[in-house]
Amino acid sequence: MSDFHDRPSDDLTLPAPRAGGIAARASAALRPAGAPDYLQGLNPEQREAVETLDGPLLVLAGAGTGKTRVLTTRIAHILALGKARPFEILSVTFTNKAAREMRERVGKLLGEVAEGMQWLGTFHSIGTRILRRHAELAGLSSSFTILDTDDQIRLLKQVLAAENIDDKRWPARQLAFAIDGWKNRALSPKDVPAGEAQSFAAGRGAELYAIYQARLKQLNAVDFGDLLLEPIRLFRDHPDVLEQYHRRFKYMLVDEYQDTNVAQYLWLRLLAKGSTNLACVGDDDQSIYGWRGAEVENILRFEKDFPGAKVVRLERNYRSTGHILNAASHLIAHNQGRLGKTLRPQTELGEKVTVAGAWDSGEEARQIGDEIEALQSKGHKLDEIAILVRASFQMREFEERFITLGLPYRVIGGPRFYERAEIRDALAYLRVVASPADDLAFERIYNTPKRGLGDAALKQIVEVARAEEIPLLEAARRLLDGPDLKPKPRATLKELAQSFDRWSGLVDKIPHTELAEQVLEESGYTDMWTKDRSAEAQGRLENLKELVRSMEPFENLRGFLEHISLVMDADRGPSEDAVTIMTLHAAKGLEFDTVFLPGWEEGLFPHQRSLDESGRAGLEEERRLAYVGVTRARRRAKVWFASNRRIHGMWQSSIPSRFLDELPEADVDVIEAPATFGGGGMGGSYGASRFDRAEPFKSTYDTPGWRRAQENRGPASPGPGARRGGPVTIEGELVASSTATSAGFPTGARVFHQKFGNGTVVEVDGNKLTVAFDKAGHKRVVDSFVKAA
DNA sequence: CTTACCCCGGTTTTT
DNA sequence: CCGGGGTAAG
């Protein structure tokens, strides 16, 4: 394709003036004599994985066995031997974070050579790169925009409306979910199995999918799924294009292969027809994303798919101590569908995994909080402690407890930076400024802040736009010339259109950060939040400033927007020493000295829905999640379950997770909960216990401690009419002061709290304040957590 | 157009 | 029990 040659910077045409030099330099630097330095210190399996360069290779890398090291060293090895030049290696990851890390580590090994690795990135970023090159062949222009989930939903709502489909009965979200599912499986509208198309809007599923695709093309836009699918179509329909990539990619590496979906698999297969030097690294035991399209089968089938494939197992674990690994291995051995490998500890047995029960989730949080304080006083860093939960609602209880204790924590997950409403609004403004034809962005902000442009005005604009086949902003301008608009919307719309003209005119004239500030200011957007009195407003303004700051490293507005459409996470700066609270899913790939695993109860973990929807496969995926959780711990893994938990506002009694039974007794200590506020004393206030009748936990354990723990579980949920809210806690008495500062807020002072917003101090007790929050009610907080409002 | 209620749903999440 | 989204009234 000639467009390969249009771009001077196109690596496919680069003569690679420095290529020889790179290889030579790398070899010189890395190979003083004999085996090169970078191979030193690899164990035999790792070394085999690095040195097996030709032919398909599957590296089954157990948790903590040096997977990333193998990947990066392998790249170094290929380059050092001069087998390929940096831009002839395709290496794909799932997340930007993983891509960044790999680039950094290759950089450390080889210096600036890593810069030349233009094909190191996520499936989506590489897909974008390919698609931009050949956009015309896919019916797009190379400046296509990438829609995120929000835009996608908005567009689908429009499609549903245009097709007169009741979006009550058939929510756009559901259609989006279906389409994503089809795209994950690389199905075009015509390929959608009739049975599945049937499931939406009386059989119109595939039809709506087709209309949606047509709309995307009109808007010159793609969604995330298209970033994989379009290249696949391109490769299939244009063998000459595929051929060029075959010539290009001498080596291919794939990280987290167990997470690939059908589309990614097909994408890889097409590319792998060129060279069979495909190395996939993954761990079937850590496949936890089946629910979003990942096919464990891909990794299980590897040897069949790629005949002659070599399989290397990395089983030496350098992360965790013996008991932890034994426990994890024993647990995961209960799964049927796995390739099978056993983690082998490289160090001492260390501490046993502990299992402890609590009366309810509140007590669980208190106990864990106490334990963390104990660890802290023994000199453990909070950064090295994590609480890994199955579902995010579990986090709240820990947060509240930690606030009371004054224990610094950070929550990973939640709404991410670029998903916050204010950020998305701001970006929508910038998108319209950069490309006035971006209808979805325009639609998002044309009445944000409220400027009196409602549905009526929008409807008029849309009508004109559709009739004339022009973008919304253009249509708005045309309406201004005509007689149809009412005076008020006309004036407002005129001003808005003029503003956009002005801003667009400034794009190449003033620095983009400055332009962004100006847009946010002049549009009244900043003002909107300044005037807002809600608890979050202050934080939102901070976020907007942060957004502008994050634009600085980019050359221009366009470059920034391209970046953020694919990189939806922002690098948050380093922060103080704090306990990490996150979901098990978010914890994959991370490690901590001490890991708390609360909520191991039937129904929550394994999650009922997983069981209901996916049966045995669901259970096995839950079990893999448990395995991921346990293997995050370097030295201490502490599992908890609670006998009572409030779900949807109702107290439910629960039985311990079957996964507890699957932990090997020899590696586990059952901890008897110390007497607490929940256990005995309050018994009187509870009615007859449903728990008494509940199926007893059939344990394979038979230690005195375990039996006592079983017996101690006592009565369970309060009967109807019983006092709600669980056992009384005497917060003040439980508090072990971990912060001794006294910022000295007087009673009556107005204060601001990150989580609870503004409030008035009603009582002061040392460094602990009782604050009447405007929104959140009365809370007892440590003064270092609030600042003067 | 904005505000006040009502109803539904509530696992995990990247790009 | 809580929040989002959508509807109905001001």
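Order of the sequence lines sets the chain letters (A, B, ...), proteins ahead of strands, with each chain counted from 1.
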Numerically ordered, the residues 442-452 of chain A set in heavy-atom contact under 4.0 Å with DNA chain B is Lys450(A), Gly452(A)
Within residues 387-395 of chain A, the residues having a heavy atom closer than 4.0 Å to DNA chain B are Arg390(A), Ala391(A), Ser392(A)
Nucleotide N/O of nucleotides 3-5 of chain B paired with protein N/O under 3.5 Å:
none

Looking at the side chain of Arg609(A), which of dG10(B), dT15(B), dT12(B) is the nearest nucleotide?
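Nearest nucleotide to the side chain: dG10(B).
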Picking from dT13(B), dT15(B), dG10(B), the nucleotide nearest the side-chain atoms of His124(A) would be dT15(B)
To the nearest angstrom, how far is [X] atom [atom1] from [N] atom [atom2]?
{"X": "Phe417(A)", "N": "dT15(B)", "atom1": "CZ", "atom2": "P", "value": "16 Å"}
{"X": "Tyr418(A)", "N": "dT13(B)", "atom1": "OH", "atom2": "P", "value": "20 Å"}
{"X": "Gln652(A)", "N": "dG10(B)", "atom1": "CD", "atom2": "P", "value": "15 Å"}
{"X": "Arg173(A)", "N": "dG9(B)", "atom1": "CZ", "atom2": "C1'", "value": "12 Å"}
{"X": "Lys588(A)", "N": "dT11(B)", "atom1": "NZ", "atom2": "P", "value": "22 Å"}
{"X": "Met582(A)", "N": "dT12(B)", "atom1": "CE", "atom2": "P", "value": "15 Å"}
{"X": "Tyr289(A)", "N": "dT12(B)", "atom1": "OH", "atom2": "P", "value": "11 Å"}
{"X": "Leu566(A)", "N": "dT15(B)", "atom1": "CG", "atom2": "P", "value": "9 Å"}

Side-chain N,O (Asn96(A)) to OP1/OP2 (dT15(B)) below 4.0 Å: yes
Task: Sub-6.0 Å ring centroid separation between Trp291(A) and His585(A) - done: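 For Trp291(A) and His585(A), the ring centres are under 6.0 Å apart.
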Is the gap between the ring centers of Tyr409(A) and Phe398(A) under 6.0 Å?
no
Using centres under 5.5 Å plus planes under 30 degrees as the test, is [X] stacked with [N]?
{"X": "His648(A)", "N": "dG10(B)", "answer": "yes"}
{"X": "His607(A)", "N": "dT11(B)", "answer": "yes"}
{"X": "Trp291(A)", "N": "dT12(B)", "answer": "yes"}

Partner residues of [X] under the side-chain hydrogen bond (donor to acceptor under 3.5 Å, both in side chains) criterion, sequence neighbours left out:
{"X": "Arg390(A)", "value": "Glu622(A)"}
{"X": "Gln286(A)", "value": "Asp283(A), Arg632(A)"}
{"X": "Ser143(A)", "value": "Ser141(A)"}

In terms of ring plane angle, is the pair His563(A) and Phe554(A) parallel, tilted or perpendicular, where the classes change at 30° and 60°? tilted
- Query: With under 30° as parallel and over 60° as perpendicular, where do the rings of Trp529(A) and Tyr525(A) fit, or are they tilted in between?
  - Reply: perpendicular
Each nucleotide of nucleotides 2-10 of chain C classed B (base within 4.0 Å of a protein heavy atom), S (only sugar-phosphate) or -, in 5' to 3' order, makes ----SS---
Residues pairing under ring-ring contact (aromatic ring centres under 6.0 Å, His included) where one sits in residues 143-179 of chain A, two or more places apart or in two chains, turn out to be Trp170(A)-Phe200(A)
Quick one: list whatever passes salt bridge (Lys or Arg N to Asp or Glu O under 4.0 Å) with [X], sequence neighbours left out.
{"X": "Arg645(A)", "result": "Glu364(A), Glu601(A)"}
{"X": "Asp285(A)", "result": "Arg338(A), Lys341(A)"}
{"X": "Glu397(A)", "result": "none"}
{"X": "Lys494(A)", "result": "none"}

Cationic N near anionic O, under 4.0 Å, Arg624(A) to Asp284(A): no
- Quick one: do Arg410(A) and Glu399(A) make a salt bridge, cutoff under 4.0 Å?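 Between Glu399(A) and Arg410(A) there is no salt bridge, as every charged N stays at least 4.0 Å from the carboxylate O atoms.
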